[in-house]
Every structure is written in C-alpha cells, then in structure tokens.
2 protein chains.
Amino acid sequence: MKPTIYDVAKKAGVSIATVSKVVNNTGRISEKTRSRVKEVMKEIDYSPSSVAAALTGKRTFTIGVLVPDIANPFFAEVARALENHARMTGYAIILCSTDYQREREQDYLELLLKKQVDGIIIATEARDWKVFKKLLDKNIPLLMFSIDHPSFSSHVVTTDDIRGGYLAGRYLLDNGHRNFAVIVEENRESGRLRLEGFKQSLMDAGIELSDSFVVFSKSRVEEAKKAAKQILALNNRPTSVFAATDLIAAVFMNEARKANISIPEDISVIGFDNTIHAEIADPGLTTIAQPTDELARYAIHQLLESIEKPNSLPGHRIMLAPELIERDSVKNLN
Amino acid sequence: MKPTIYDVAKKAGVSIATVSKVVNNTGRISEKTRSRVKEVMKEIDYSPSSVAAALTGKRTFTIGVLVPDIANPFFAEVARALENHARMTGYAIILCSTDYQREREQDYLELLLKKQVDGIIIATEARDWKVFKKLLDKNIPLLMFSIDHPSFSSHVVTTDDIRGGYLAGRYLLDNGHRNFAVIVEENRESGRLRLEGFKQSLMDAGIELSDSFVVFSKSRVEEAKKAAKQILALNNRPTSVFAATDLIAAVFMNEARKANISIPEDISVIGFDNTIHAEIADPGLTTIAQPTDELARYAIHQLLESIEKPNSLPGHRIMLAPELIERDSVKNLN
DNA sequence: AACATTAAGTTAAGCGCTTAATCAATTTAA
DNA sequence: TTAAATTGATTAAGCGCTTAACTTAATGTT
C-alpha cells in the first residue's frame, strides 16, 4: 500500500498534524523535527495524496482546457503553452477536445465539475453558451481563450483579430497590391474579425473588397482545397490572398502550384497563426503570428487570480497584438 | 456552496447511503425512491464530487499521458486518439509534455503520483528509465506507447517499426528503385528499427545500403533542412529517399524544390506517420501510416485492464502493423 | 401460525489530509 | 519571582463519499 501521512507520523514519532505542516511549510516546526520528518518521508518514499488534500476544501490544482481539436496544430501549440505556464505554477491540465460537438462540450464540462477543477479555460467556440453561463453562476473561474462572446462577462484573453486582419491588409497594400481575395474561416467570430480588420485597412486606402472575392472555408484540407480552386478560377484573379489560417494558406499554395501559378510571382499569399505550416511551406509563408505563449501566460495568470480571489473584479478583456512574420510568400509590386 | 450528498439526502428524506446508491446504481433501491432522489438531484443541480469518491479507495478515473511535445503533430494526434478512447470509458487525461527533459519527466511523474492517477501512458522516450522502474515497483499500471525498451516489462503498444521500414523499402524496390538514402530520426529506438526494416528489405533484394547514404536528423525543421541538403549534395544522388517522419520528408521536398530537383520526377520520397504534413505536401506524400487510432484503442484497453485487475499478467507487447499510404511522391521507374 | 427469505433502507466507520483549538514547556518581561 | 508571551507540538473535527454490517418490514414456505 502507498504510504500515508500516518506511516510517516508513526515512524517519525510525531503527530500527523506535524507531518502535514512540514509538507506544506505551514505552522511552527523546529528545525530538528522538520528534518527528521523529511528524512522519514524520503525513507519510505512518501508522496502526499492531493486527492485527500483537495477534499479538505483546498484546491485540486487542476484546470480544464477545452479546445476544439488538439490535433489541429494551432490548438496543439496553445495547449502546449497553457500546459507550460500551468505547470510552472503547480497546476495540471485536463485535456478536453470538444470536436465542435455540443454533446462533447457538455459531457466534458460535467466531468470537469465532478473533478472539481479549480478553473476552466475555454478555447473552443461554444455550441451552447447556456451551459457555460451556468458555470459562471456556479462561481467556477472561467476564462475564454482566443475567443469572445459579446454576452459573456468572464475573463477573456485573445489576439486582437481585427488588428491582425488590418496588419495583413496593410502589408499587402504596402507591397503594392490592389486586388485581393480572402478565405475566411467559417462560423468563427475570430474569422469575422480578421476579415473586418482586413477590410478596414483597404477602406483606409480607399479600396472596397467585393463579396465575390471573399470565400468561406473551414480549416480543413478538403474544404480549403475547394476554396482555393474557387479563387483560382476567378476570371479577374487577384494579386494577393489573405487566408484565415496557415493551413488554408498552405493548401492554397499547393493548389496554385498545381495550376501552374507560381507563388509569390503570380499571386501573393499571407496566412494567420504562424504555426508549423507557415514554417514548412515553400516558399516560407508570410503570416500573422498570434502571440501564443504570451496569451497563455496571461490566461493562466488571470485564471489563477480569479481562483485565488473568488468573485473579485468582473471579466477583464486582455487583447494582445499580433505580429507580422515576414517570409517569402508576398511579392513586392512596387 | 456546491451541494453535497447530504443536501440531496435531506431534501429527499433519505440517508446519504441511499443517495450514493442511486448515483452509482448499486444496491437495492425501489423505483419510487430512486426517482425521488433523481428528481432532487436535478432540482438542486447536484454533481457528485469525484474527489471524495476517489478518496474512498476507488479510482480517480484519471490517467496521465506523457508525450515529448504535444505541439508535434504526430503526438497531437496520438493524444487526441488516447483522449477519445479514454473518454469513452469515463477516464480523463492529464497532459504532460516532457520536452525530452529529464527534469520535466520527473516533475510530472511526481505530480501524477500525488494526483493518484489510475495509470500512466508513456509516449516519450525516457531520459531516465530508473524513474519509471520505480513506478512499476509501486504497482502503478504503466503502458508504453509507440516506444519500447528491452529491459522493461510493462505493457507495450506500438507500431511494428521494423515492418514499417520494410514496407517502405519494399515499395521503393517494387517501383524499380535501386539507389536509396535514408534520413533516420536520431536517438530514437523507433528510428533505429525503421532503418533496420528498411535495410532488411534491401538485403532481401540483394542490395546493401552504404552508411554514407544514411543521415541523422531530429524531427525539427532546421535539422531536417541540414539533413536534406546533405543528401542533395551527394555526388551520386539516390533516386529515392526514406524519411523517418513526415515532417522530415516534407522539409526534404521543399529543399529539393529549391534546388530545382523535382519530386517525384528526379527523386522519390517516402515518409512515416501519415500526419497532416503528408496530406498537405505537394505532391502528396506517400508514407507509412501508423494506426494511431487503433494503437490508442489497444492502449487504453490494455491499461484499463491492468487497472482493473492489478498485478495480473505481466507486460504484453502489442505490435500493430503499419500501412502504406500511396500518394504521389514516388515515381515508378519500371 | 411459525419461521425463513427477501427487499429496501439505515448506521457508522473510514479514506488521507488540513486546520482551528488547545496544551505544555520555555523564554521574556516586569 | 511570577505573570505574560512565545514556541513547538498535539487533539480532534470535518471534507464528501463508499460500503460492510445491520435493521425492519413485507413476502413466501410448509
């Protein structure tokens, strides 16, 4: 059997309270006893049960992370960054891929509730916001990562998508482009915002983006191919394409190549996210980088704060600026 | 405060034992009381604490998954598959990226011990096997996923890497290739085995692979580039390259293109893993697919079995056959 | 009718830990 | 020298749940 606090106490000739105190560095303990106890712990290889500790009303030191799909490189990187920052502060992460399914969303939330996680980070566009509102009512610290919902007053940490779109547009303009197409990620608020920012930049330059140059796609290979073909088939082909995610951009580049359209010679491409796809693409994909690591840092920080001081201030919105990563997929027309 | 079993019991006018029984579907309860209790649970929105349940000696219904880096697409897919199968059986997953660092390995194992996870899946080549052996001594169900270690007698679920390498070689041979180069993943047993299988297939055809055509690399963009260049600089260039991972293969393809070497016209490429990189590459990358989902299914199944019947049979080794996925990166020379 | 079964609950102990309250032994203050 | 304060440790209650053992009432058996 796994040794318990009693085993340590008995062997060290002290009470379990004393052991608890040396484990947690609380209360008054003489140096002598402390070292004695520590010695015994080593000796019998004692490892305190955080399950029992959690029951005593303390934290579980666990947070749930809901992503749509961990197999998507962007979310994998997000999860990785969150995991890192959580670990630094002693927290573990329970991974939940919702697959954009309402059922899984609910199932996982129920699980997290039962497990008494100390907080939940939501990085998936919810299917059913009601369920999440319920969580707020229950006073579970919540944080929205990289997503946003107007009617929701929890903490939010996200990339400034509008600004990201603007950045992309501005960059293409600066490089002399005047004809654009956009592949927007369907059904996602962030996709909408990126488009909005992009349009804004064009407007500032007195250019209007016609609807026929905006096509929708999910961030999946098959759908991205369709979207790419659609754009390549346009009779007055644009000189540049802004893709809502690197994956879509990468697929577009391949389709273009297959159609004997060279990048960036014939058409320039700019992506979003700065995932491994951008790095691996040929030519290297110029893209808008989300500050994943920093987002994660803020997210964990903010969440821990609302764990530590419950019902303190209402939801902050932290919006970090994206950054343009210049590679070789955009041609300078000037 | 979160409602407890007492609140339900009081409101339903029964003892907490009764409530516990309806929650767990154990013991004898009349239909009448059962529905009454269920009603009350709904009413006050009761969700049993699995923390408390775990303390009573039952499971925590949590398993730890150690991967080197969740941001690596292969492991992301592995994690995803494991998560799915775990969830189906009621288990949650704690995500642990070790980053190949001994310190993180130990840190995470300690965490998992404290958290009393019911079992651990190790999908990372360990830095220090001693630590893992210790776990075995403690009777923590352990399972090695996609890795292997001769001196280790836990359960193992892995792809048959030798066979995978053999398949790749066989396929190239069948397509008329006689000159090969291999990019092997450094320091990984699986890499070694893939090479071994590959060599074996050549041997069966009476061909020997000279060492100068074997280069080593990690599965990272920068290193893969170097390896690719090294091969492209060979004076008697091979007609085909077997890359240890899809990422390496994809990078090789890009480097080749940059050097004006067309694929598969001038040189054929075959990868390993069948990750998104293979799908996205242009031309589509022919590769050896690991049966990720099936591996995950077996892994979870096997692990749960040793959780349910502790110290039952010693470590099984389940080795699933990889499969060749034909795309367009290999030219038929016949 | 007398007893054995069975069905439906209840009681109470215990899981491994934290912590407020308490106590005994020293040390300090006056 | 005696009271007050400090230090170092112990006691015991309780966290929310499970479960073996027990009770009570209703049924069944001969």
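Letters A, B, ... are given to chains in the order of the sequence lines, protein chains preceding strands, and every chain is numbered from 1.
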Salt bridge flag under 4.0 Å for residues Glu39(A) and Lys42(A)
no
Relative orientation of the end axes in the helix from dA1(C)-dT30(D) to dA30(C)-dT1(D), expressed as an angle to the nearest 10° (five pairs per end):
40°
Mind checking if Thr4(A) touches a base, just sugar-phosphate, or nothing, with heavy atoms under 4.0 Å?
sugar-phosphate
Tell me, which of residues 37-56 of chain A have any heavy atom that sits under 4.0 Å from an atom in DNA chain D?
Leu55(A), Thr56(A)
Are a donor atom and an acceptor atom from the side chains of Ser50(B) and Lys58(B) found within less than 3.5 Å of each other?
no
Please report the distance, rounded to the nearest Å, between CZ in Arg28(B) and P in dT27(D).
15 Å
Pair up each side-chain donor or acceptor in residues 67-78 of chain B with any protein partner under 3.5 Å, not counting sequence neighbours, and list the distances.
residue  : atom : partner  : partner atom : Å
Asp69(B) : OD1  : Arg80(A) : NH1          : 2.6
Asp69(B) : OD1  : Ala71(B) : N            : 2.8
Asp69(B) : OD2  : Arg80(A) : NH1          : 3.4
Asn72(B) : OD1  : Phe74(B) : N            : 2.9

On DNA chain C, does the nearest nucleotide to Arg34(B) precede the nearest nucleotide to Gln116(B) from the 5' side, or the other way round? Give the residue.
Arg34(B)
Here the salt bridge (Lys or Arg N to Asp or Glu O under 4.0 Å) pairs for residues 7-18 of chain B, sequence neighbours left out, are Lys11(B)-Glu43(B)
Donor-acceptor pair under 3.5 Å: do we get one between Lys21(A)'s side chain and the base of dT10(D)?
yes
If you look only at pairs with a residue in residues 129-143 of chain B, which of them pass as a salt bridge (Lys or Arg N to Asp or Glu O under 4.0 Å), with sequence neighbours excluded?
Asp45(A)-Lys138(B)
Return whichever of Ala17(B) or Tyr6(A) has its heavy-atom-nearest nucleotide of DNA chain D closer to the 5' end.
Tyr6(A)
Any side-chain donor paired with an acceptor under 3.5 Å for Lys115(A) and Thr62(B)?
yes
Go through the side-chain N and O atoms of Asp161(A) and Ser190(A) and say whether any donor and acceptor fall under 3.5 Å apart.
no
By the 4.0 Å heavy-atom rule, please label Val19(B) as base, sugar-phosphate, or nothing.
nothing
Does any donor atom in the side chain of Ser146(A) or Thr158(A) lie under 3.5 Å from an acceptor atom in the other side chain?
no
Determine, for Glu83(B) against Arg104(A), whether the closest basic-nitrogen to carboxylate-oxygen distance falls under 4.0 angstrom.
yes
Contact interval (first through last nucleotide) of DNA chain C with protein chain B, 4.0 Å heavy-atom
dA7(C) to dG16(C)
Considering heavy-atom distances to DNA chain C, does Ser15(B) or Ser20(A) have its closest nucleotide positioned more toward the 5' end?
Ser15(B)
With heavy atoms under 4.0 Å as the rule, sort Ser30(A) into base, sugar-phosphate or nothing.
sugar-phosphate
Should Thr33(A) be listed as having a side-chain N or O under 4.0 Å from OP1 or OP2 of dA9(D)?
yes
State, yes or no, whether a side-chain contact exists between Val23(A) and Tyr46(A) at a heavy-atom distance under 4.5 Å.
yes
Quick one: CZ on Arg102(A) to CG on Asp107(A), what's the gap to the nearest 0.5 Å?
14.0 Å
